[in-house]
Amino acid sequence: MVLPTASQVTAEAISPNQQLLPLTAHINDSNHLEVGGCDVVDLVEQFGSPLYILDETTLRTAAAQYRDSFRTYYPGPSQVIYASKAWSCLAVCALVNSEGLGIDVVSAGELYTALEAGVSPEVIYFHGNNKSQSELEYALQVGCVVVVDNQLELETLAALAQGQEQRPRVMIRVTPGIECHTHEYIRTGHLDSKFGFDPNQLLSVFEYLSQAPQLQFLGLHAHIGSQIFELEPHQDLGRVLTEWLAKAASYGLEVSELNIGGGLGIRYVESDDPPSIAQWVQIVSAGVVAGCEAAGVALPKLLSEPGRSLVGPACITAYRVGSRKTVPGIRTYIAVDGGMSDNPRPITYQSRYQALLANRMRGTASTTVTIAGKHCESGDILIRDIELSDPQSGDVLVVPGTGAYNYSMASNYNRVPRPAAVLVNAGEASLILRRETQADLLRQDVLPERLRG
Ligand code: LLP
C-alpha cells in the first residue's frame, strides 16, 4: 500500500476518494501507522478495539473539495448536502456542516441527529420512500425540505400543510431511468426501483402541485446509485432532469433547485480507480448547464448529495488479531475481534477491502491469509486472500475506507457491543461515539415478572 508523502498530504489537489488511507496517514519512528498525528497502536491501547478512527483533515478536505469545485465549475448557486445515512452521528453532522454543507436525512432519527448537531433546518433535506405520518409532521414542524417520493406522501403533505403559516418546501424525487454499473442492491436510478416517481407520473404530479399552493415546490431530485466509477450516467442525469424542469415550468411551477444525488465511488482496494471529486463535479455541472441551455431554462441552484465519497476515505477500523486456523493446503484464517457487526458490507455486497498491520508497517507482505470476523456465521469474512506480513495474535490490523455505511449499518449481532469512534486531528483524539457496554445491550430488554427466577 503506497502512503502519500508529507508534501502530498497538504496538497488540496489530492482527492480523498482516490486514496486508500486517510490523507494524514504515515509511518512513524516506531514503525507504526499514524493518522491525524495519533499512533494507531496507542489509540487501540487507550480506547480498545475494534475502533473507528476518523481523520478530521480528510473529511474536511473532501467537504471543501465538493463545495469549492461547484463554485469553480457551476456558474449558478450550489449547495452540497451530506448524505448522513453514510454515517449519522452528532460529530460527523456538525463537522460537515461547519464546512458549509447541508444534511440529507432519511428518517426521524437522522433528522433528530442533524438538528441536535446544530444544523439549520434550512439546509436539511428529508428523503425516504415511506415516511410515516409522524415523520412528515416532524419535518413540517421543524421546517426542513421534504423530498417527496410518492403520491400518498404528496397528498398527506398537502393535507398537513392546509392552513399552516409556513408553506412546506418540497422537492419531487424522480426515477430517471439511468443505468449504471454497481451492485444491484445499491442501484436506484433504473426504472424498476422502489424509489421516487416514475417519469410517466410526473406530469400529473406537476398538475397536482399547480393546484396545491399550500406547498412550495422547489424542484426535482434524483439519485442513480452508489459506488459509481463512470462519469457518463451523471452527465446524462443532468440532461434528463433539466428536460423535466422545463416541463414543470410549463405548469406555472417556479423551479429553483435541482438535486442530482450522490454516488461517486471510492478506492477500497488498489485496483479501484474512481474519478476525483473535482472531475465528478465538473461533469455533473457541465451536464446541467448544457441541459438548461438546450431546454431554455435558467440555471437552478444545484444540489448534490455525496455520502460515501465524503466520509468513507476518512475512517479506518482498527482490530486486534486473535486466533489463527490453518486448513492445510487450503487457507489460513486470521480472526479479528470484530467483523460483520461493525462492517456488514463484505457479507452484504461482497465488498472488497484492503488491510495492513499498524504495529509492523514495514514488514514484508508474504503470507496469504483470510481475515475472519468473530461472529457465528461462516460468511463473516472481512477480506479473502490478502498478503500480509504473517499476522500474529495481538497485532493491530487496520482496514481502511470504513467511514461510510459501516457504523451506520452496524448491529449487535451475537450481542456484540458496537465499537467506539474517535476523531483524530493534530495529535489529539476526541471520543465521538462511546463503546457500547454490556449494560447498553440490555437497555431495551424487559424480563416479565413471571419469568424471573
Ligand atoms: N442520496 C440518496 C437519495 C441516496 O439514496 C444515497 C445513498 C445518497 C444520496 C448517497 O450516496 P453515496 O454518495 O453515498 O453513494 N449501504 C450501501 C450504500 C447504500 C446507498 C444508499 N443511498 C453500501 O454500503 O454500499
Side-chain angles (χ1 to χ4, degrees), residues 15-17 59 62-63 65-66 79-88 92 96 101-107 110 114 124-131 145-150 171-176 178 180-190 193-197 220-231 233-234 237 241 258-268 272 274-275 277 280-281 284 303-315 317 340 342-353 382 399 401-411:
S15 191
N17 72 315
L59 182 50
Q65 284 185 5
Y66 265 108
Q79 173 69 56
V80 180
I81 303 160
Y82 165 57
S84 71
K85 72 207 77 183
W87 185 344
S88 171
V92 171
V96 295
L101 274 58
I103 307 282
D104 141 7
V105 299
V106 292
S107 66
E110 285 184 359
I124 299 180
Y125 289 72
F126 196 163
H127 290 274
N129 68 312
N130 191 24
K131 303 175 191 80
V145 176
V146 180
V147 183
V148 181
D149 206 89
N150 52 65
M171 296 190 78
I172 296 294
R173 177 166 183 170
V174 57
T175 319
I178 290 177
C180 53
H181 295 109
T182 188
H183 193 283
E184 179 191 356
Y185 290 2
I186 52 180
R187 267 193 296 164
T188 50
H190 54 305
S193 160
K194 71 168 182 167
F195 296 106
F197 287 93
L220 297 178
H221 166 275
H223 170 76
I224 56 177
S226 202
Q227 184 61 1
I228 300 172
F229 286 7
E230 308 153 288
L231 288 170
H234 277 104
L237 180 62
L241 286 179
L258 183 64
N259 186 334
I260 38 86
L264 173 62
I266 69 172
R267 169 169 267 158
Y268 284 109
D272 287 338
I277 291 173
W280 187 85
V281 171
V284 159
L303 313 178
S304 58
E305 267 168 8
R308 187 191 313 268
S309 51
L310 271 172
V311 76
C315 183
T317 305
M340 60 185 284
D342 59 81
N343 184 358
R345 299 194 67 258
I347 199 168
T348 313
Y349 316 112
Q350 300 78 49
S351 309
R352 292 168 65 215
Y353 283 89
L382 285 176
V399 176
T402 55
Y405 307 111
N406 273 229
Y407 171 73
S408 65
M409 291 171 63
S411 75

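For ligands, and for the atoms within them, numbers begin at 1 and follow the listed sequence.
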Enumerate, atom names and distances included, each donor-acceptor pair closer than 3.5 Å involving a side-chain atom of residues 258-266, sequence neighbours excluded.
from : atom 1 : to   : atom 2 : distance (Å)
N259 : OD1    : G261 : N      : 2.9
N259 : ND2    : E305 : OE2    : 2.8

Looking only at N/O atoms, are [X] and ligand 1 under 3.5 Å apart anywhere?
{"X": "G307", "result": "yes"}
{"X": "M409", "result": "no"}
{"X": "Y349", "result": "yes"}

- prompt: For I172, which of V148, V147, N150 qualifies under side-chain contact (heavy atoms from CB on, under 4.5 Å)?
  reply: V148

Within the side chain of [X], is there an N or O that forms a donor-acceptor pair under 3.5 Å with the backbone of [Y]?
{"X": "S408", "Y": "S88", "answer": "no"}
{"X": "S84", "Y": "V105", "answer": "no"}
{"X": "D149", "Y": "G196", "answer": "yes"}

What atoms of ligand 1 come closer than 4.0 angstrom to any heavy atom of [X]?
{"X": "D104", "value": "1 (N), 9 (C)"}
{"X": "G262", "value": "9 (C), 13 (O)"}
{"X": "E305", "value": "1 (N), 2 (C), 3 (C), 8 (C), 9 (C), 10 (C), 13 (O)"}
{"X": "A83", "value": "8 (C), 9 (C), 10 (C)"}

Ring-ring centroid check H221 H127, cutoff 6.0 Å: yes

message: Out of H223, R308, R345, who is nearest to atom 11 (O) of ligand 1 when you count heavy atoms only?
response: H223

Winner among K85, Q227, H127 once heavy atoms are compared against atom 5 (O) of ligand 1: K85

message: Against ligand 1, does G263 come closer than 4.0 Å with any heavy atom?
response: yes

query: Does P306 come within less than 4.0 Å of ligand 1, judged by its heavy atoms?
result: yes

- prompt: Are Y353 and T402 linked by a side-chain donor-acceptor pair shorter than 3.5 Å?
  reply: no

query: Between Y407 and W87, what is the ring plane arrangement, given parallel below 30°, perpendicular above 60°, and tilted in between?
result: tilted

